[in-house]
Amino acid sequence: VSQICFKPLNEDLQKLAGPMARCTVKIMMELSSILVATHDRPHYVFTQHDLSKVFDSVHAHAAGCTTPVQLARLWVFELYSTFLSRLCTLDDRGICTRIIANSVDGLTEVLEVDQPHVFSFFVCQRGPGHTQPVPMQLETLDDVCEVVATLIPYSQPSINGAHPESGQKYLHTVLQLHGENLAFASMVIGRPNGNLLVMGPGGGGRRVVTGMATKLCGYVAASL
């Protein structure tokens, strides 16, 4: 499957298909053996569907990658998006992070870099002249906050409130709390036929995150 997804890419990028597939399977198997489903976390189930999600996402956004390192960083981001975003506790997220980092280190020789697991954020946004949302690679969460703040005007009623300055402070606070989830959400709905199910208790930021991701991708939100 990974070879089919990587077939339209150049030869240097195609060489990553096999190593990435093996690493992804290894990550899924380790997560399945350590983070098992229980009565309070029944969604801790990792299957081949997750493998498909990782490579479907990489394939959808790979056109913007010109080097193996860029593609590897996109792949690592999708690993975190697929596996990490469903975990409930900081301890579980720490375990998942270590499993991903240790497994991805196996790509060191292929990529000829010391730290292939270095995490980069990707935010999907539709800029002027684009008919479809395109991914933008960002290094840190602060970069995500800065870019999103320039793309979403403070004058929107849902952000601004009574005063523009309060809207700016509120937006920055939201991005510090939910910037990672916003990046995940924008990349999911930004690809063709992308869909996203957001779950959680009231007041957790679901509406704000999905609203921002929708605006970044140039879509119009509709309440049903």
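- In terms of hydrophobic clustering, with Ile, Leu, Val, Met, Phe, Trp and Tyr side chains grouped at heavy-atom distances under 4.5 Å, Val76 and Val25 are assigned to a common cluster.
- Interatomic distance, CG of Leu84 versus CD1 of Ile95, reported as 11.5 Å (0.5 Å rounding).
- When each of Tyr80, Phe83, Phe77 is checked for a ring-ring contact (aromatic ring centres under 6.0 Å, His included) with Phe184, only Phe77 meets the rule.
- Val45 and Leu35 end up in different hydrophobic clusters when Ile, Leu, Val, Met, Phe, Trp and Tyr side chains are linked at under 4.5 Å.
- Applying the side-chain contact (heavy atoms from CB on, under 4.5 Å) test to Ala213 and every residue at least two apart in sequence or in another chain returns Leu182, Ala185, Ser186, Ile189.
- Atom CE of residue Met187 and atom OG of residue Ser81 lie 8.0 Å apart, to the nearest 0.5 angstrom.
- Applying the salt bridge (charged side-chain N to carboxylate O under 4.0 Å, His left out) test to residues at least two apart or on different chains, none of the pairs has a partner in residues 18-29.
- Of all the heavy atoms in Cys23 and Ser103, the pair that sits closest is SG-O, 3.3 Å.
- Of all heavy-atom pairs between Gln70 and Phe122, the closest is O-CZ, 4.4 Å.
- Checking side-chain atoms of Arg98 against main-chain N and O of Arg93 turns up no donor-acceptor pair under 3.5 Å.
- Without hydrogens or angle criteria, Tyr44 side chain to Cys88 main chain gives a donor-acceptor distance under 3.5 Å.
- In this structure, the separation between CZ on Arg41 and CG on Leu87 is 8.5 Å, given to the nearest 0.5 Å.
- Residues Trp75 and Thr24 bring a donor and an acceptor atom of their side chains to less than 3.5 Å of each other.
- To the nearest 0.5 Å, the span separating CD1 on Ile99 from OG on Ser33 amounts to 7.0 Å.
- Taking SG of Cys96 as the start and CD1 of Ile34 as the end, the distance is 10.0 Å to the nearest 0.5 Å.
- Partners of Lys53 by side-chain contact (heavy atoms from CB on, under 4.5 Å), not counting sequence neighbours, listed by chain and number: His49, Asp50, Thr82, Arg86.
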Side-chain donor-acceptor contacts of residues 197-210 below 3.5 Å, not counting sequence neighbours, with atom names and distances?
unit_1 : atom_1 : unit_2 : atom_2 : d
Arg206 : NH1    : Gly200 : O      : 3.0
Thr210 : OG1    : Arg206 : O      : 2.8
Thr210 : OG1    : Arg207 : O      : 3.2

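- Every residue two or more places apart in sequence or in another chain that forms a side-chain contact (heavy atoms from CB on, under 4.5 Å) with Thr89 is listed here: Asp91, Asp92.
- Using a 4.5 Å heavy-atom cutoff, the side chains of Phe55 and Glu78 are not in contact.
- Val36 and Ile100 are assigned to two separate hydrophobic clusters, defined by single-linkage of ILVMFWY side chains at heavy-atom distances under 4.5 Å.
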